[in-house]
*Asks:* 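There's a structure below that I have some questions on.
Counting starts at 1 for both ligands and their atoms, following the listed order.
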Amino acid sequence: MAESFDLIVLGAGSGGLATAIRAARHGARVAMLDSGMLGGTCVNVGCVPKKALWFAAQLAHAQELAGEYGFSSTPGPFNWEHFRQLRTDYIDGIKGRYQKRLDEVGVHWRREAGRFVSNDTIATSSGDELSAKQIVIATGARPHRIDVPGFELGLISDDMFALHEQPRRIGIVGGGYIAMEFAGLLRALGSEVTVHARGRLLGGFDMEMVGELEQRMTEQGIRFSRDVQVRGLHQVDGQLMLDDATTGGCGPYDAVLWAIGRVPNTESLDLDAVGVKLGKYGRILVDAWQNTNVPGVSAVGDVCENRELTPVAVAAGRRLADRLFGGKPDARLEHKHIASVVFAEPPLAMVGMTEEQARALHGTDVRIYRTRFSPMQWAVAKHPGQTVMKLVCVGPEELVVGVHVLGLGAEEMMQGFAVAMKLGMRKRDLDDTVAIHPSSAEELVLMT
Ligand code: NDP
């Protein structure tokens, strides 16, 4: 007979963990299954190791700036392997803490995959059956692979964190978050980088801000090859050449990174057994409450159609657990005003609408405020580079519907403005706010 639980969570990444822990805290008996690593993409091969590398990249920039400030030490080379070990230790610490929390709240965590037998029964890969009235799919997504000759000669983002040596020359295919982030941080750490993008960079971000970022990255020596039509990858004398229908061949490279989007992990779940409906690109369709079309089956995180961001998965999972087991029937994630940062060089942060989105929706009712300035930390040393900020406002009340920052500290600035936007911030509220001086963030309340 199947072992019975209140909730079965498929997937032990950010969304799955958040759902399982919150439900267990509410007193639910929870089983969580995943054949992969505790923490999923974000902790193991995503946000966390990437941000660690980004910090290393900031230190590389700081070394350069320190010289300009008058420090005598000469910037030294980066020890990639030493840092990889530090990163691994840090991540092991996070996973240890997750394990401890799971033990504390009594989640029954099994390191194996599960597949649907019915809408309340899951078969595990070791042959057991588990049953629960509620099943949450949180199996995430994985890097997209395309069927071109030599694809396997390149790397996917997961592989980047396992490299024991920093690639000296790298070609990056794609123009999204992952491409732009790796391009920036690898360049800062000394690699020669070429980004091969087929369309616009960073779809979803404000076009003007993306143009500014591209310019900054170009000034740092990052090359952009645009309108590419990648046909494959081949090796010549141990070096990689990218076959591109637009430019012919590109390279040689020591490594090529495919950063061309992610696809949901649904294939092994036997969703057909219960008839869970999939949407665009095979992602699970959910309503505003994370319900799939099958009673008792919900989904959170990158496996479903929503923004592929860890905090979105976590927030959706916690609210779902609150609704199912915490006596909060109205709990659900509001997807408006979710801030996001591309950890590029410099970082680009945004919350709300882009100028294009606002103009499409509100036409001539849109008013844009923008400012650009040399951040003091750079200006003191006559270091080139500017910060750009932009407010997108709508209507006679000048409701702020979009905030965009490209520059030093953008990643830390945006969170508070996301709160203010949720509260209905108008331009005059910014005008009424006394600045913190001297800072970069103060420019957001000083725009005229
Ligand atoms: P994105 O969706 O951000 O970008 C994919 C890029 O690959 C696009 O530029 C797309 O071009 C391009 N592309 C797709 N197919 C091909 C192809 N066949 N040949 C050439 N280019 C191609 O995906 P990422 O993989 O960068 O990241 C996945 C998601 O993970 C992000 O969307 C984001 O939600 C999340 N993420 C968030 C981060 C953060 O919060 N800082 C960091 C990293 C990832 P086109 O636009 O023309 O389709």
Side-chain angles (χ1 to χ4, degrees), residues 13-15 40-55 57 140-151 154-161 171-185 194-205 207 210 213-214 224-233 242-247 250 256-265 280-281 283 301-316 335 338-351 405-406 410-412 414-415 418:
S14 304
T41 299
C42 175
V43 171
N44 295 287
V45 286
C47 329
V48 175
K50 179 280 306 290
K51 184 76 188 275
L53 268 171
W54 186 80
F55 280 130
R142 61 185 186 281
H144 179 41
R145 292 173 163 80
I146 46 174
D147 188 18
V148 292
F151 180 89
L155 307 168
I156 54 171
S157 54
D158 299 13
D159 301 328
M160 292 301 293
F161 302 111
I172 301 180
V173 184
Y177 279 80
I178 294 178
M180 297 295 269
E181 290 186 344
F182 270 113
L185 64 87
T194 307
V195 174
H196 299 268
R198 69 175 178 186
R200 65 161 286 196
L201 302 171
L202 292 172
F205 278 78
M207 277 170 79
V210 173
L213 173 61
E214 183 181 359
F224 285 89
S225 170
R226 306 299 297 272
D227 302 320
V228 297
Q229 296 174 59
V230 175
R231 296 280 182 258
L233 199 55
L242 195 65
D243 308 318
D244 168 22
T246 311
T247 55
C250 305
V256 166
L257 168 64
W258 301 102
I260 52 176
R262 298 176 65 83
V263 292
N265 293 319
K280 218 171 163 191
Y281 309 121
R283 292 181 192 273
D302 293 359
V303 76
C304 42
E305 275 197 348
N306 54 210
R307 290 182 74 184
E308 294 172 84
L309 298 172
T310 294
V312 170
V314 170
H335 286 263
I338 292 171
S340 180
V341 175
V342 185
F343 290 95
E345 296 295 329
L348 172 61
M350 74 169 280
V351 60
V405 178
L406 173 73
E411 77 286 1
E412 296 293 348
M414 198 51 72
Q415 192 71 76

*Asks:* To check you understand the geometry: which heavy-atom pair defines the closest contact between Leu213 and Pro346, and what is its length?
*Replies:*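 Where Leu213 meets Pro346 most closely, the heavy atoms are CD1-O, 3.5 Å.
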*Asks:* Can you tell me the protein heavy atom closest to atom 31 (C) of ligand 1 and the distance?
*Replies:*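 Its nearest protein heavy-atom neighbour is Tyr177 CD1, 3.5 Å.
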*Asks:* Which of these, Gly261, Gly203, Pro347, has its nearest heavy atom closest to atom 23 (O) of ligand 1?
*Replies:*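 Ranked by closest heavy atom to atom 23 (O) of ligand 1, first place is Gly261.
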*Asks:* Looking at atom 40 (O) of ligand 1, what's its closest protein heavy atom, distance included?
*Replies:*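 Answer, as residue, atom name and distance: Leu309 CD2, 3.4 Å.
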*Asks:* Could you tell me the separation between the OG1 atom of Thr247 and the NE2 atom of His196, rounded to the nearest 0.5 Å?
*Replies:*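 It is 7.5 Å, given to the nearest 0.5 Å.
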*Asks:* So, for Asp243 and Leu233, which heavy atoms are closest and what is the spacing to 0.1 Å?
*Replies:*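 The answer is OD2-N, 3.6 Å.
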*Asks:* Look at the rings of Trp258 and Phe151 and say which category their plane angle falls in: under 30° parallel, 30 to 60° tilted, over 60° perpendicular.
*Replies:*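 Trp258 and Phe151: parallel rings.
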*Asks:* Determine the minimum heavy-atom distance between Val303 and Asn265, stating which atoms define it.
*Replies:*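 The pair with the smallest heavy-atom distance is CG2-O, 3.8 Å.
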*Asks:* First locate atom CG of Asp302, then atom CG of Leu309, and finally report the distance between them rounded to the nearest 0.5 Å.
*Replies:*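 Atom-to-atom, Asp302:CG and Leu309:CG are 7.5 Å apart.
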*Asks:* Answer yes or no: is there an ion pair linking Glu411 with Lys51, defined by an N-O contact shorter than 4.0 Å?
*Replies:*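 No, no charged N to carboxylate O under 4.0 Å.
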*Asks:* For atom 46 (O) of ligand 1, what's the nearest protein heavy atom and its distance?
*Replies:*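 Among all protein heavy atoms, the one nearest atom 46 (O) of ligand 1 is Arg200 O, 4.4 Å.
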*Asks:* Please list, in number order, the atoms of ligand 1 under 4.0 Å from a heavy atom of Ile146.
*Replies:*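 Checking each atom against Ile146, I get 18 (N).
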*Asks:* With a cutoff of 4.0 Å, is Glu181 in contact with ligand 1, counting heavy atoms of the residue only?
*Replies:*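 Yes, Glu181 has a heavy atom closer than 4.0 Å to ligand 1.
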*Asks:* Which of the atoms of ligand 1 are close to Gly175, meaning less than 4.0 Å from one of its heavy atoms?
*Replies:*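 With Gly175 as reference, the close atoms of ligand 1 come out as 6 (C), 8 (C), 9 (O).
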*Asks:* For ligand 1, note which part of Glu308 has a heavy atom under 4.0 Å away: side chain, backbone, both or neither.
*Replies:*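 Glu308 to ligand 1: contacts from backbone and side chain alike.
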*Asks:* Geometry only, no angles: is Val173 polar-contacting ligand 1 at N/O separations under 3.5 Å?
*Replies:*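 N/O-N/O distance under 3.5 Å: no.
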*Asks:* Compute the ring centroids of Tyr177 and Phe205, then answer whether they are less than 6.0 Å apart.
*Replies:*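 Centroid distance Tyr177-Phe205: below 6.0 Å, so yes.
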*Asks:* Give me the residue, atom name and distance of the protein heavy atom closest to atom 48 (O) of ligand 1.
*Replies:*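 Result: Arg198 NH2, 2.8 Å.
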*Asks:* Check Lys50 against ligand 1 and report side chain, backbone, both or neither, counting heavy atoms closer than 4.0 Å.
*Replies:*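 Just the side chain.
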*Asks:* How far apart are the closest heavy atoms of Ser157 and Arg262, and which atoms are they?
*Replies:*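 Of all heavy-atom pairs spanning Ser157 and Arg262, the closest is OG-NH1, 4.0 Å.
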*Asks:* Within less than 4.0 angstrom of ligand 1, does Ala197 place any heavy atom?
*Replies:*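 Flag not set, Ala197 not near ligand 1.
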*Asks:* Please name the pair of heavy atoms, one in Ala349 and one in Met414, separated by the smallest distance, quoted to 0.1 Å.
*Replies:*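 Looks like O-CE, 3.6 Å.
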*Asks:* Does only the side chain of Val341 get under 4.0 Å from ligand 1, or the backbone, or both, or neither? Count heavy atoms.
*Replies:*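 The part of Val341 near ligand 1 is the backbone, not the side chain.
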*Asks:* Looking at every non-hydrogen atom in both residues, tell me the closest pair between Asp244 and Ser225 and how far apart they are.
*Replies:*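 In this case the closest contact between Asp244 and Ser225 is OD2-OG, 4.4 Å.
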*Asks:* Tell me the protein heavy atom at minimum distance from atom 28 (C) of ligand 1, and give that distance in Å.
*Replies:*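 I find the closest protein heavy atom is Arg262 CD, 3.6 Å.
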*Asks:* Please say whether Ala179 places an N or O atom under 3.5 Å from an N or O atom belonging to ligand 1.
*Replies:*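 By distance alone, the answer is no.
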*Asks:* Which residue supplies the protein heavy atom nearest to atom 7 (O) of ligand 1, what is that atom called, and how far is it?
*Replies:*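 Result for atom 7 (O) of ligand 1: Ile260 CA, 3.2 Å.
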*Asks:* Rounded at 0.5 Å granularity, tell me how far CZ in Arg200 sits from CG in Asp227.
*Replies:*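 Here the rounded value is 13.5 Å.
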*Asks:* Could you tell me the residue and atom name of the protein heavy atom closest to atom 1 (P) of ligand 1, and the distance to it rounded to 0.1 Å?
*Replies:*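 Looking only at protein heavy atoms, the one closest to atom 1 (P) of ligand 1 is Gly176 CA, 4.0 Å.
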*Asks:* Look at atom 26 (O) of ligand 1 and say which protein heavy atom is nearest, naming residue and atom and giving the distance to 0.1 Å.
*Replies:*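 It is Ile178 N, 2.9 Å.
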*Asks:* Does ligand 1 have a heavy atom under 4.0 Å from the side chain of Val230, from its backbone, from both, or from neither?
*Replies:*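 Under 4.0 Å from ligand 1, Val230 contributes no heavy atoms.
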